[in-house]
Amino acid sequence: MKGPGLGCPSVERRGGVPYNRRGLPRGTLLKNIACGELRKGHVGQRVQLAGWVHRRRDHGGLIFIDLRDSRGLVQVVFNPERSPEAHRVAQQLRAEWVAWVEGEVAERPQGTVNPNLATGEVEVYAGQAGVLNPSKTPPFEIGEEAEVDEALRMQYRFLDLRTARMQKNLILRHRVVKHIRDFLDARGFVEVETPILIKSTPEGARDYLVPSRVHPGHFYALPQSPQQLKQLLMVAGLERYFQIARCFRDEDLRADRQPEFTQLDLEMSFVEEEDILQLIEALYADIVEKVVPRLRFRQPFPRLPYQDAMARYGTDKPDLRFGLELADVTDLASTSEFQVFRAATQSGGAVKGVAAPGCAGYSRRQIEELTQFVQARGAKGLITVALPEGRQLQTLTVEEVRSPLARSVTDEQLRQLASRMGAAPGDLLLLVAGPVGVVNLALSQLRQEMGRRLDLADPNLLAFAFVVDFPLFEWNAEEGRWEPMHHMFTSARPHQWGLLEKDPGAVIGRHYDLVCNGYELAGGSIRIHEREKQERVMRLLGHTQEGMQQKFGQLLDALEYGAPPHGGIAGGIDRLVMVLSESAQSIRDVIAFPKTQNAVDLLFGAPSPVTQEQLKELHLQVVE
RNA sequence: GGCCCGGUGGUGUAGCGGCUAACACGCGGCCCUGUCAAGGCCGAGAUCGUGGGUUCGAAUCCCAUCCGGGUCGCCA
């Protein structure tokens with residue numbers, strides 16, 4: 001990312017167009033070095049700078065201007081005695097005006113060096129200067145400090161993106177993507193573009209639809225991912241494909257979900273799980289080492305079976321930077337007198353908990369906060385047990401703990417509970433009882449919350465892990481049918497095909513996820529490459545022969561023409577860059593022009609109504 | 001669709017039944033030759049998201065609604 005000439009003047013040509021405006025001699029380049037690149041080595045050189053006025057400090061006589069460009073900023077000194085004309089220009093300059101300066105790079109006088117600036121050892125004595133374009137007073141300061149309302153930032157995204165924070169994020173994103181391309185190119189992968197206008201397949205997420213002008217009543221869909229296309233490329237014999245692909249899903253937004261997002265889409269032929277996992281581990285490790293060396297991670301990436309992840313963390317994308325593992329105490333709870341426990345266990349639910357280290361002193365108010373936290377996630381309540389400090393747990397009695405359980409359990413049950421939860425004296429046990437799904441959801445997020453409160457997650461650590469051995473199907477109780485856990489193209493383990501119709505819930509899929517710090521960064525699988533097996537899966541999911549041919553004929557037919565065994569993975573670029581960024585709070589911070597939670601683009605005002613003519617041409621009518 | 005948080009000069013906040021609506025930054029003017037979030041003095045700028053209601057009186061209480069954010073559902 002170093003410019004063409006760090007250490008010597010770099011020349012930025014403006015397409016060779018002679019620029020002649022407000023005093024600049026015709027044929028002269030507008031700038032011949034970046035503001036942010038000036039160093040001691042440039043002292044004595046005459047330079048031409050152009051950029052934005054970051055700040056102006058007017059001493060009446062001397063005027064200091066911090067001139068900023070994409071590489072950083074440098075202090076320019078305007079001295080009314082040395083160059084009265086330039087000084088007169090500087091008097092007009094205001095924040096965010098665009099200006100050019102011609103002057104000499106000088107070492108700063110003793111005692112005026114600014115160690116906080118990369119260019120802080122030098123300054124530029126302005127000889128000539130001019131205004132390239134004035135600016136209205138911006139709606140918020142580019143110099144940051146205060147956090148600006150995000151809606152305002154979005155409305156003026158072109159100003160928001162001027163901040164060093166956002167430019168860093170965009171540059172980081174560029175570095176990551178460039179690195180991915182180089183890495184995969186070096187390993188024989190071919191980047192292939194796939195269409196944005198494809199066929200709607202109402203599986204998984206809701207499609208964005210595009211009406212056809214030529215075919216009344218017919219619609220294209222924007223791809224939720226290039227899944228089928230990349231499988232067809234495998235049938236086509238590409239063997240190693242990737243794409244930095246834009247994907248679209250018309251579902252509700254989150255901090256880590258936008259309606260359009262970017263995936264590293266990748267597929268290989270003649271591979272098994274291990275080939276993909278090793279490639280991905282090498283790729284992600286390489287990205288972090290080369291692009292963000294400040295961050296640490298452990299290798300090899302641990303493999304975590306899905307069942308273990310759910311049992312120990314209550315989620316399939318745990319933050320592994322800290323422990324605080326969940327303990328299942330359903331069996332202990334079922335023997336207690338405590339009504340909440342009895343009710344939960346007798347109705348087939350679970351009781352699980354986490355021991356919060358050193359939190360026995362939590363106030364009533366703090367416990368109430370945590371209770372509301374789990375209630376907001378569907379739990380009925382939170383049962384706490386405060387274990388006294390400096391007391392052997394093996395001889396603990398119920399009189400010594402602060403807990404709603406105290407009256408309903410025996411000393412022995414209490415000791416077993418503490419021991420099972422790996423608790424230490426001074427810990428606060430946090431327990432949730434109820435249906436397994438609710439318990440896991442509430443506790444996985446409570447665990448994350450406690451990690452945050454206790455500052456357990458090292459911000460400089462990336463805890464990568466592969467989650468493996470996912471069930472192939474999930475039972476949808478509401479709809480009364482099986483659904484694919486990932487998608488219907490995922491293959492079952494070779495020896496489990498016999499189970500498919502007999503016991504679908506027991507079939508383990510050849511699916512894997514890459515998780516990191518509580519985010520799912522990538523997910524993929526070994527695919528089904530035989531028509532017969534693909535049809536069996538589709539049938540199980542409730543598709544008729546005609547239905548599957550109509551929706552998936554293109555893939556099914558292709559599988560009959562020598563489809564090689566293949567598999568791949570898709571990784572979220574937005575999430576990856578967010579995790580790698582020092583400042584990003586959401587993926588909106590690593591997307592140049594993101595949308596709001598209502599899927600609105602506040603800068604352009606999209607979506608918007610269109611004219612009657614446009615609608616008519618598309619054979620559309622708006623009904624309320 | 002549900003729940004939670006927020007909306008007060010340009011920006012960020014304070015005010016939570018009675019105020020000429022406060023402070024900082026920014027903005028404008030004047031002074032100022034070594035600052036770097038420059039400094040000093042002066043000044044302009046808000047009918048408190050919108051609409052109803054309660055009250056003698058509403059930024060403040062109630063209801064509705066819009067917008068932004070978080071989250072559950074949804075979505076991998």
Side-chain angles (χ1 to χ4, degrees), chain A residues 54-67 73-82 87 94-96 108-117 119-120 123 125 136-156 159 203-207 224-225 227 247-259 261 263 316-317 369 372-379 437-438 441-442 445 448-449 467 470 474 478 483-487 490 511 513-515 519-525 569-572 575 585-586 588 595-598 600 602:
Chain A
H54 190 68
R55 237 170 222 120
R56 169 170 168 272
R57 293 177 293 279
D58 186 347
H59 287 236
L62 282 183
I63 296 174
F64 299 95
I65 299 281
D66 291 337
L67 196 64
L73 55 83
V74 69
Q75 173 164 282
V76 181
V77 186
F78 294 82
N79 189 321
E81 284 156 18
R82 288 173 61 135
H87 186 263
R94 292 296 183 271
E96 299 309 313
R108 288 200 184 191
Q110 275 234 314
T112 65
V113 168
N114 185 345
N116 301 319
L117 273 185
T119 61
E123 57 194 5
Y125 292 127
K136 293 167 76 170
T137 301
F140 51 85
E141 290 169 67
I142 310 302
E144 288 181 273
E145 309 295 326
E147 225 170 81
V148 181
D149 177 56
E150 208 174 338
L152 191 71
R153 289 173 54 201
M154 291 306 165
Q155 202 182 329
Y156 291 92
L159 295 181
E203 309 290 323
R206 206 172 286 120
D207 282 325
Q224 296 175 23
S225 86
Q227 181 61 36
C247 307
F248 307 85
R249 290 175 192 168
D250 187 4
E251 297 293 344
D252 286 348
L253 284 68
R254 288 288 185 282
D256 62 350
R257 272 161 42 187
Q258 283 273 306
F261 59 101
Q263 282 195 341
D316 60 0
K317 45 177 167 41
E369 273 176 18
Q372 285 177 6
F373 183 88
V374 296
Q375 283 175 338
R377 285 148 186 84
V438 171
L441 176 71
Q445 295 198 12
Q448 196 72 31
E449 171 68 11
V467 179
F470 283 82
E474 233 175 352
E478 268 174 47
E483 287 182 347
M485 188 107 180
H486 180 55
H487 58 51
T490 301
H511 174 70
D513 274 356
L514 174 66
V515 302
Y519 292 99
E520 182 198 319
L521 287 190
S525 62
I569 195 163
R575 282 183 195 170
Q585 302 295 307
S586 77
R588 295 187 299 278
K595 293 179 179 58
T596 69
Q597 199 161 77
N598 282 322
V600 168
L602 288 178

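Just so it is clear: chains get the letters A, B, ... in the order the sequence lines come, proteins before strands, and each one is counted from 1. Values below: all heavy atoms of this structure, side chains included; hydrogens, waters and symmetry mates excluded.
- Remark: B:C3 base-pairs with B:G70; criterion is Watson-Crick or G-U wobble with both hydrogen-bond distances under 3.5 Å.
- The base-pairing partner of B:U13, taking Watson-Crick or G-U wobble contacts with both distances under 3.5 Å, is B:A22.
- Using a 4.0 Å heavy-atom cutoff across all strands shown, A:Asn598 reaches sugar-phosphate atoms only and no base atom.
- Among the atoms of the strands shown, only primed sugar atoms or phosphate atoms (P, OP1, OP2) are found under 4.0 Å from some heavy atom of A:Arg94.
- Using a 4.0 Å heavy-atom criterion, one finds that A:Met485 contacts the bases of the nucleic acid, with or without backbone contacts as well.
- Checking B:G26, B:G69, B:U35 against the side-chain heavy atoms of A:Phe64 singles out B:U35 as nearest.
- Applying the 3.5 Å distance criterion, the base of B:U71 shares no donor-acceptor pair with the side chain of A:Gln445.
- A 6.0 Å sphere centred on OH of A:Tyr519 holds no more than 12 heavy atoms belonging to other residues, nucleotides or ligands.
- Comparing A:Asp58 and A:Asn79, the nucleotide of RNA chain B nearest to each residue sits closer to the 5' end for A:Asn79.
- Listed nucleotides B:C75, B:G69, B:G26 differ in distance to A:Glu141; the shortest reach to its side chain belongs to B:G26.
- Residue contacts shown for A:Gly111 are absent, as no nucleic acid heavy atom lies under 4.0 Å away.
- Distance CD (A:Gln585) to C1' (B:G68): 16 Å, rounded to an integer number of Å.
- For A:His486, the listed nucleotide lying nearest its side chain is B:A76; candidates were B:C74, B:G68, B:A76.
- As a whole-Å value, the separation of A:Phe373 CZ from B:C5 P is 15 Å.
- Here A:Phe140 does not count as stacked on B:U11, because the ring centres are not under 5.5 angstrom apart with planes under 30°.
- Summarising the geometry, the separation between NE2 on A:His487 and P on B:C75 is reported as 15 Å, rounded to the nearest angstrom.
- Residue A:Arg82 contributes atom CZ, which lies 13 Å from atom C1' of B:G34 at whole-angstrom precision.
- Checking B:G70, B:A76, B:C36 against the side-chain heavy atoms of A:Arg108 singles out B:C36 as nearest.
- Listed pair A:Arg254 / B:C72 meets the phosphate criterion, a side-chain N or O lying under 4.0 Å from OP1 or OP2.
- Nucleotide B:C75 has no partner under the Watson-Crick or G-U criteria, as no pair reaches both atom distances under 3.5 Å.
- Under 3.5 Å, the side chain of A:Asn114 and the base of B:C36 form at least one donor-acceptor pair of N or O atoms.
- Looking at residues two or more places apart in sequence or on another chain, you find no salt bridge (charged side-chain N to carboxylate O under 4.0 Å, His left out) involving A:Asp250.
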Intermediate values then yes/no, salt bridge (charged side-chain N to carboxylate O under 4.0 Å, His left out), A:Arg57 and A:Asp66
CA-CA 9 Å; A:Arg57 293 177 293 279; A:Asp66 291 337; 2.9 Å; yes
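- Within 3.5 Å, no donor on the side chain of A:Asp149 pairs with an acceptor on the base of B:G69, nor the reverse.
- Between the CG atom of A:Leu62 and the C1' atom of B:C31 there is a distance of 15 Å, given to the nearest Å.
- Applying the 4.0 Å criterion to OP1 and OP2 of B:U35, one finds that A:Arg57 has every side-chain N and O outside that range.
- Nucleotide B:G43 forms a pair with B:C27, judged by Watson-Crick or G-U wobble geometry with both contacts under 3.5 Å.
- When the P atom of B:C75 is taken as reference, atom CD of A:Glu474 falls 10 Å away, rounded to whole Å.
- In this entry the distance linking CD1 of A:Ile65 with C1' of B:A38 reads 13 Å, nearest Å.
- Taking 3.5 Å as the limit, the base of B:G73 and the side chain of A:Arg377 contain no donor-acceptor pair of atoms between them.
- The two residues A:Leu159 and A:Pro138 come nearest to each other via the heavy atoms CD1-CB, 4.1 Å.
- Within a 6.0 Å radius of NZ in A:Lys595, other residues, nucleotides and ligands contribute more than 12 heavy atoms.
- Rounded to whole Å, atom P of B:A37 lies 8 Å from atom CG of A:Leu117.
- A:Pro109 comes within 4.0 angstrom of a nucleotide base, judged by non-hydrogen atoms across all strands.
- Note on A:Leu253: nothing from the nucleic acid sits closer than 4.0 angstrom, heavy atoms only.
- Of the listed nucleotides (B:G26, B:G34, B:G69), B:G69 has the atom at the smallest distance from the side chain of A:Gln597.
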For salt bridge (charged side-chain N to carboxylate O under 4.0 Å, His left out), just list the numbers for A:Arg588 and A:Glu150, CA-CA rounded to whole Å, side-chain angles, deciding distance to a tenth of an Å, and then say yes or no.
CA-CA 10 Å; A:Arg588 295 187 299 278; A:Glu150 208 174 338; 2.5 Å; yes
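- Between A:Asp66 and A:Gln224, the one whose closest nucleotide on RNA chain B sits nearer the 5' end is A:Asp66.
- Rounded to a whole angstrom, the distance from the P atom of B:U47 to that of B:G2 is 32 Å.
- The side chain of A:Thr596 places an N or O atom within less than 4.0 Å of a non-bridging phosphate oxygen (OP1 or OP2) of B:G68.
- Using a 4.0 Å cut-off, no side-chain N or O of A:Arg55 falls inside it from OP1 or OP2 of B:A37.
- For A:Glu123 and B:G34, a side-chain-to-base donor-acceptor distance below 3.5 Å is present, hydrogens and geometry of angles not being considered.
- Residue contacts for A:Arg153: at a heavy-atom cut-off of 4.0 Å it reaches no nucleic acid atom on any strand shown.
- Judged by distance alone with a 3.5 Å cut-off, no donor-acceptor contact links the side chain of A:Arg249 to the base of B:C74.
- A donor-acceptor contact shorter than 3.5 Å is absent between the side chain of A:Arg108 and the backbone of A:Glu123.
- For A:Arg257, the side-chain atoms get nearest to B:C74 when compared with the rest of B:U71, B:C74, B:A38.
- Judged by centroid separation below 5.5 Å and plane tilt below 30°, A:His59 stacks onto the base of B:A38.
- The nearest pair of heavy atoms linking A:Arg575 to A:Asp256 is NE-O, 3.2 Å.
- Residue-level contact check: A:Ala255 touches the backbone only, with heavy atoms under 4.0 Å from sugar-phosphate atoms and none from bases.
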